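A quick write-up on the structure given underneath.
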Amino acid sequence: MLHAALLMVLHALARTRGQYELCKSLVSTDDGAVWEQYACQPKAQSTKEYMRIRVEPPGITCGNPPERFCTLENPYLCSDECDASNPDLAHPPQLMKDRERGGLLTYWQTVTWRRYPEPLLANITLSWNKSLELAGDLQVVFEYGRPTAMALDKSLDHGRTWHPYQFYADDCAEAFGMSPRRAADLVPGNATRVICTEEYSRWVGAKGDKVVRFEARKRLALFGEGLYARLENTKGLRDFFTFTNLRLRLLRPALGGTYVQRDNLLKYFYAISNIEVPARCKCNLHGSQCVLVNGTLHCVCEHNTTGQDCQRCKRGFRAKSWKPGSYLPTPHGLPNTYCECYGHSNRCSYIDYLNIITCVSCKHNTRGQNCQHCRWGFYRNVSVELDDESVCVECGCHQMGSLHDRCNSTGFCQCKKGAAGAKCDECLPGYHWRQGCQLNVCDEELLVCQNGGTCEQNQRCLCPAHFQGVLCQHARCEGGSMCDHASASAAAALSLALLLGLSGALLLGCAP
């Protein structure tokens with residue numbers, strides 16, 4: 001009875017999912033035919049055709065060097081061989097997604113557990129270079145026995161970070177420290193719970209059940225006809241079924257229902273003949289088709305959106321904030337077609353003669369058609385998103401040291417001659433600060449006060465009584481009388497000697 005009820009719910013889900021396959025429809029109004037926009041998404045399909053497979057660690061695939069292996073059913077008949085150099089005996093990773101032809105079973109296979117008790121570990125990473133939404137049960141078909149311990153992980157950011165999806169073990173408490181559960185034990189309040197199940201890990205014989213499942217359909221069925229309201233209103237529910245990559249971590253092979261038998265380790269290995277991932281391209285309810293572009297899946301975007309996942313607005317279509325489409329109200333949902341000014345304006349205006357929509361009265365020191373630029377005197381804070389209130393940082397150029405209050409994209413101001421630093425509030429060598437950077441009159445290196453003079457704050461030389469000039473380089477005559485030509489020449493020679501750094505001292509006198 002329960003099984004029949006579940007089938008009815010799943011049938012209803014399949015029927016209602018078809019209602020989001022149209023993005024728009026031409027309808028008649030008093031003003032003529034117009035397009036009515038709907039939320040839309042691509043149909044679910046098998047995605048293994050687009051799936052890329054990477055197996056780690058290197059050397060885990062059997063056949064290099066060639067080796068024999070046995071089966072758990074007949075562990076002492078070890079006539080089978082894996083040889084990577086022979087196409088008929090090789091078991092490469094791509095056989096996990098091929099289509100069986102003529103009844104010939106093909107499968108990927110690892111090396112045997114010859115190095116026991118060292119763990120036999122293998123990671124299988126599945127990638128699509130595209131956000132997808134799981135629409136049915138993920139299935140992995142194992143030949144020669146299912147693992148006694150494995151984990152399924154997912155990534156939302158192309159493999160940069162990983163999150164557990166589900167654990168599998170013949171003893172969940174021993175393998176993962178978790179109590180065993182089934183997807184059927186879940187309720188709507190914990191539908192996204194990460195569980196460990198023993199349902200797919202116990203030995204049933206190589207001819208028995210070979211499949212390991214992630215039961216997405218049972219989790220979706222928990223909500224019945226209220227699924228779309230839950231998808232719309234339950235935080236994280238959409239993301240739970242979204243992924244860019246999946247990863248199988250194979251932790252312990254099938255043991256045949258016994259303990260590890262050290263006298264025959266050639267019967268322990270992993271072998272996978274097929275992986276099925278029923279999913280749909282994630283288009284944020286802004287596209288009903290997904291196509292290959294240069295070998296990568298892309299949504300065909302509607303509602304003035306663009307991007308691989310229809311995750312942003314087209315250029316020139318920013319009147320309100322970008323949003324994914326909404327499943328509600330059923331049966332067509334809302335397209336949420338308008339995009340906004342990144343949260344920096346609440347009003348937009350249509351400029352007829354330019355045929356553009358522009359934001360009005362941009363806030364938070366932003367400017368531009370979509371409030372996407374910073375006002376003069378501010379620069380972009382690249383550490384935050386464009387819709388952050390602190391996206392524009394004041395330049396802070398020093399009024400005395402900079403040519404104007406504007407800076408470049410990294411916050412550096414344009415400095416006046418002699419000024420330096422990001423804000424033009426420092427001086428270059430040879431300059432000193434005095435309401436801006438002023439050229440040094442004297443210093444202790446190049447512009448040295450002569451004849452015993454001392455430099456005062458780089459602004460002037462304080463000369464002894466008998467010398468004068470900017471650097472105290474000229475002799476001063478007593479009583480106001482004129483110095484003779486010889487004395488003047490000697491003073492000039494002394495100045496030159498000091499400037500050239502010559503050693504020694506010359507004494508100058510005035511003519512009587």
Side-chain angles (χ1 to χ4, degrees), residues 44 46-48 50-57 60 93 96-97 107-108 110 119-128 130-143 145-186 190-202 209-220 236-254 270-279 282:
S46 171
T47 60
K48 72 177 181 179
Y50 314 106
M51 182 170 68
R52 300 167 191 172
I53 300 175
R54 186 177 79 251
V55 173
E56 296 172 307
I60 192 65
M96 284 186 268
K97 67 171 187 174
Y107 51 90
W108 165 76
T110 68
L120 182 62
L121 306 177
N123 286 349
I124 303 166
T125 302
L126 314 175
S127 60
W128 290 263
K130 172 78 179 75
S131 296
L132 302 176
E133 294 176 315
L134 198 60
D137 291 355
L138 184 151
Q139 299 184 76
V140 184
V141 180
F142 285 89
E143 303 298 329
R146 298 176 292 190
T148 55
M150 64 170 275
L152 172 64
D153 303 325
K154 73 160 187 171
S155 174
L156 286 164
D157 54 11
H158 304 281
R160 286 187 288 273
T161 60
W162 292 92
H163 310 278
Y165 226 174
Q166 188 156 305
F167 298 100
Y168 303 81
D170 59 351
D171 188 332
C172 285
E174 178 190 355
F176 300 108
M178 301 172 67
S179 299
R181 287 181 178 271
R182 302 174 305 162
D185 299 329
L186 299 172
N190 63 5
T192 60
R193 183 172 184 171
V194 177
I195 64 172
C196 178
T197 181
E198 297 176 351
E199 193 172 357
Y200 299 105
S201 303
R202 297 203 172 137
D209 196 353
K210 304 177 180 182
V211 178
V212 173
R213 289 183 174 85
F214 177 77
E215 297 170 310
R217 293 178 70 84
K218 285 185 178 179
R219 294 180 186 248
L220 290 168
L237 188 57
R238 282 198 204 186
D239 282 349
F240 181 78
F241 295 101
T242 300
F243 60 93
T244 58
N245 303 65
L246 295 171
R247 181 174 67 186
L248 294 169
R249 288 187 287 129
L250 309 182
L251 305 174
R252 191 169 66 236
Y270 306 104
I272 295 177
S273 61
N274 191 41
I275 298 177
E276 288 288 348
V277 184
K282 183 181 181 69

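Predicted model only: the values in this text are computed from it and were never measured. Below, each value reflects all heavy atoms present in this structure, side chains not excepted, and no hydrogens, waters or symmetry copies.
The CG atom of Asn274 lies 11.5 Å from the NZ atom of Lys97; values are rounded to the nearest 0.5 Å. To the nearest 0.5 Å, atoms NZ (Lys154) and CZ (Arg247) are separated by 13.5 Å. The distance from atom CG of Leu126 to atom CZ of Arg54, rounded to the nearest 0.5 Å, is 10.0 Å. Between atom CZ of residue Phe241 and atom CD of residue Glu133 there is a gap of 10.0 Å, rounded to the nearest 0.5 Å. For the atom pair CG of Leu220 and CG of Leu237, the computed distance is 7.5 Å after rounding to the nearest 0.5 Å. Between the NZ atom of Lys282 and the CG atom of Leu134 there is a distance of 12.5 Å, given to the nearest 0.5 Å.
Side-chain N or O atoms of Thr47 include none that pairs as donor or acceptor with a backbone N or O of Pro278 at under 3.5 Å. The backbone N or O of Ser155 sits less than 3.5 Å from a side-chain atom of Thr244, completing a donor-acceptor pair. The backbone N or O of Arg193 lies less than 3.5 Å from no partner atom in the side chain of Asn190, so there is not a single donor-acceptor pair.
Across every non-hydrogen atom of Ala122 and Trp108, the tightest pair is CB-CH2, 4.3 Å. A pairwise comparison of heavy atoms in Asp153 and Pro164 identifies OD1-CA, 3.5 Å as the closest pair. In plain terms, the two heavy atoms of Ile195 and Gln166 that are nearest each other are O-CG, 3.3 Å. Across all non-hydrogen atoms, the minimal contact from Val211 to Gln139 is CG1-OE1, 3.7 Å. Between Leu132 and Ala279, the shortest heavy-atom contact is CB-CB, 4.2 Å. In terms of heavy atoms, Leu186 sits closest to Ala191 at CD1-O, 4.2 Å.
Here the side chains of Asn123 and Leu248 are not in contact, with every heavy-atom distance at 4.5 Å or above. Side-chain contact between Leu121 and Leu250: absent, with no pair of heavy atoms (C-beta onward) separated by less than 4.5 Å. With a 4.5 Å cut-off on side-chain heavy atoms, Phe142 and Pro147 count as touching. No side-chain heavy atom of Phe167 sits less than 4.5 Å from a side-chain heavy atom of Leu251. Proximity of Ile60 to Tyr270: side-chain heavy atoms (C-beta onward) are nowhere separated by under 4.5 Å.
Ring-plane geometry between Phe214 and Phe240 is classed as tilted, the angle between the planes lying from 30 to 60 degrees on a 0 to 90 degree scale.
In this structure, Arg52 has no side chain to side chain donor-acceptor pair (under 3.5 Å) partners at least two apart in sequence or on a different chain. With sequence neighbours excluded, no residue forms a salt bridge (charged side-chain N to carboxylate O under 4.0 Å, His left out) with Glu199. Looking at residues two or more places apart in sequence or on another chain, you find no side chain to side chain donor-acceptor pair (under 3.5 Å) involving Thr197. Checked against salt bridge (charged side-chain N to carboxylate O under 4.0 Å, His left out), Arg219 has no partners two or more places apart in sequence or in another chain. Under the rule for a salt bridge (charged side-chain N to carboxylate O under 4.0 Å, His left out), Asp239 has no partner lying at least two apart in sequence or in another chain. For Glu215, the side chain to side chain donor-acceptor pair (under 3.5 Å) partners are Tyr200, Lys218, not counting sequence neighbours. Evaluation of the side chain to side chain donor-acceptor pair (under 3.5 Å) rule for Glu198 yields Arg202 as partners, not counting sequence neighbours. Tyr50 is linked by a ring-ring contact (aromatic ring centres under 6.0 Å, His included) to nothing, counting only residues two or more places apart in sequence or in another chain. Judged as a ring-ring contact (aromatic ring centres under 6.0 Å, His included), and not counting sequence neighbours, the contacts of Phe243 are Trp128. Tyr107 is linked by a ring-ring contact (aromatic ring centres under 6.0 Å, His included) to His91, Tyr144, counting only residues two or more places apart in sequence or in another chain. In this structure, the salt bridge (charged side-chain N to carboxylate O under 4.0 Å, His left out) partners of Lys48, at least two apart in sequence or on a different chain, are Glu276.
When each of Asp137, Leu246, Val140 is tested with Val277 by the rule side chain to side chain contact (heavy atoms under 4.5 Å, CB included), just one qualifies, namely Leu246.
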Throw together a table of side-chain donor-acceptor distances under 3.5 angstrom for residues 169-181, partners on residues two or more places apart or in other chains.
residue	atom	partner	partner atom	Å
Asp170	OD1	Arg252	NH2	3.1
Asp171	OD1	Ala173	N	3.3
Asp171	OD1	Glu174	N	3.1

